[in-house]
Amino acid sequence: MLLCKLYDKWGSTLFDQFKKSLSKFVKKVSLKEFSEKELNNFSEELRELLIKNEVAVSTANEICSLLVKKLLKTERRRFSNPKPIILSALKDVLLQVLTPEKNIDIVEKIEQSKQERRPFTIAFFGVNGVGKTLAIAKLGNYFKSKGFSCVFAASDTYRAGSIQQLKIHGDKLKIKVIAQDYGSDAAAVAFDAVNHALAKNVNVVLIDTAGRIETNINLMEELRKICRVVEPDLKIFVGDALTGNALISQVMLFNNKIGIDGSILNKVDAVKKGGAAVSIIDLTKKPILFLGTGQKYTDLIPFDAKKLVQQLLF
Ligand code: GDP
């Protein structure tokens, strides 16, 4: 409930620039008819707008071609106002692109595994600095507020300070952190955390992992080993909305190498364009589960495609 309120609070400023350019675009539409020729010019302009707002090229192409197809099928009297028709078609198309193959109700899934008396395991992946550790802390806080007990696994045994950072969050949130020394086997730490959860009847295991992209091949091997050893219930990619197009290549890399179930997109409080959010879902066909909206533990909102489309197109 509180998180829903937070979402509404964010409504007016979320992806501000994207919202403004879409609204300007719809306002100045002056199509006389929905002919192929007129629609092609119109869709070229929309394509440019989407790409400028960091929508990936292939996603922008898809949005435009779905929109043109939809409008060609629409019956419209010549010289009647095209704007409401275009607005409604654009909403439908954006919603279609923002709808993943399968949605995930994470709280329901955890509830189910709690009833089966087994810990629900989530592994988080993403490059350094995107807000992975903070997102884990925010989610720990969120799950606790839903009545679930949690444990953190400090499986980023590579980056100096990462174990310490997770321990600080753990202390503040009163969530136990399972850790070994820097340089130790990341999968063994995750395994220990799952065993701890089994022994102590803890509901959720949240596994932090390394994000040193510069040694890509070793990193992917390490992450795959974690997945083999603990078989996480969910593999979540964590991305930074501020990185724009780099975000797209990151999510594709992790999805291709490890296979993700969904994403968390951080720092949307600081992003003005935000087209990457649309692209992540389109390109992976996997849902965005949460948006990170700041540096406090409560700055996390469940992603809602319908609300995002409403915000973008009103
Ligand atoms: P990691 O290296 O991926 O684990 O990233 P951290 O969790 O250490 O976060 C990196 C920086 O990003 C920190 O300064 C965080 O406070 C900041 N950060 C994380 N999430 C958000 C967010 O949603 N909004 C803002 N404004 N900053 C964030």
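Each ligand, and each atom within it, is numbered from 1 in the order the structure gives. Computed over heavy atoms, backbone and side chain alike; hydrogens, waters and symmetry mates excluded. Just so we're clear, the structure is a prediction, and the values are computed from it rather than from any experiment.
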Salt-bridge present (Lys28, Glu45; N to O < 4.0 Å)
yes
Could Asp261 and Lys235 be called an ion pair, given the rule that one side-chain N must be under 4.0 Å from one carboxylate O?
no
Please check whether Lys132 reaches ligand 1 - meaning an N/O of the residue sits under 3.5 Å from an N/O of the ligand, judged on distance alone.
yes
Less than 4.0 Å between a side-chain N and a carboxylate O, is that true for Arg224 and Glu221?
yes
Salt-bridge test for Asp299 and Lys296: reply yes if a basic N is under 4.0 Å from a carboxylate O, no otherwise.
yes
May I ask you to identify the nearest protein heavy atom to atom 7 (O) of ligand 1, giving residue, atom name and distance to one decimal place in Å?
Leu134 N, 2.9 Å
Does Asn128 reach ligand 1 with a nitrogen or oxygen that is under 3.5 Å from one of the ligand's nitrogen or oxygen atoms?
no
Under 4.0 Å, heavy-atom basis, I'd like to know which part of Lys296 is in contact with ligand 1: side chain, backbone, both or neither.
neither
Can you tell me the protein heavy atom closest to atom 17 (C) of ligand 1 and the distance?
Gln295 NE2, 3.6 Å
Please determine if Val130 has a nitrogen or oxygen closer than 3.5 Å to a nitrogen or oxygen of ligand 1.
yes
Check whether any N or O atom of Ala135, backbone or side chain, sits under 3.5 Å from an N or O atom of ligand 1, and answer yes or no.
no
Please list the nearest protein heavy atom to atom 4 (O) of ligand 1 with its residue and the distance rounded to 0.1 Å.
Thr133 OG1, 2.5 Å
Can you check whether Gly292 has an N/O within less than 3.5 Å of an N/O in ligand 1?
yes
Less than 4.0 Å between a side-chain N and a carboxylate O, is that true for Lys70 and Asp92?
yes
Residue portion contacting ligand 1 (non-hydrogen atoms closer than 4.0 Å) for Thr293:
backbone
With a 4.0 Å cut-off, would you call Arg118 and Asp233 a salt bridge?
yes
Are the aromatic rings of Phe42 and Phe25 close, with centres under 6.0 Å apart?
yes
Please could you name the atoms of ligand 1 that Gln165 approaches to less than 4.0 Å, counting only its heavy atoms?
6 (P), 7 (O), 8 (O)
Give me the nearest non-hydrogen protein atom to atom 26 (N) of ligand 1 as residue plus atom name, then the distance to 0.1 Å.
Asp269 OD2, 2.8 Å
Considering non-hydrogen atoms of the protein only, which is the closest contact for atom 18 (N) of ligand 1, and what is the distance?
Lys267 CE, 3.8 Å
Evaluate the ring pair (Phe, Tyr, Trp, His ring centres under 6.0 Å) criterion for residues Tyr142 and Tyr297: first the C-alpha distance (whole Å), next the side-chain angles of each, then the deciding distance (0.1 Å), finally the verdict.
CA-CA 8 Å; Tyr142 176 68; Tyr297 291 139; over 10 Å; no
Would you say the ring centers of Phe237 and Phe254 fall short of 6.0 Å from each other?
yes
Is any side-chain N of the basic residue among Lys285 and Asp282 closer than 4.0 Å to the acidic one's carboxylate O?
yes
Out of Ser162, Gly294, Gly129, Gly211, who gets a non-hydrogen atom closest to atom 10 (C) of ligand 1?
Gly129
State the atoms of ligand 1, each with its element, that fall below the 4.0 Å cut-off from a heavy-atom position in Gly131.
1 (P), 3 (O), 5 (O), 6 (P), 7 (O), 9 (O), 19 (C)
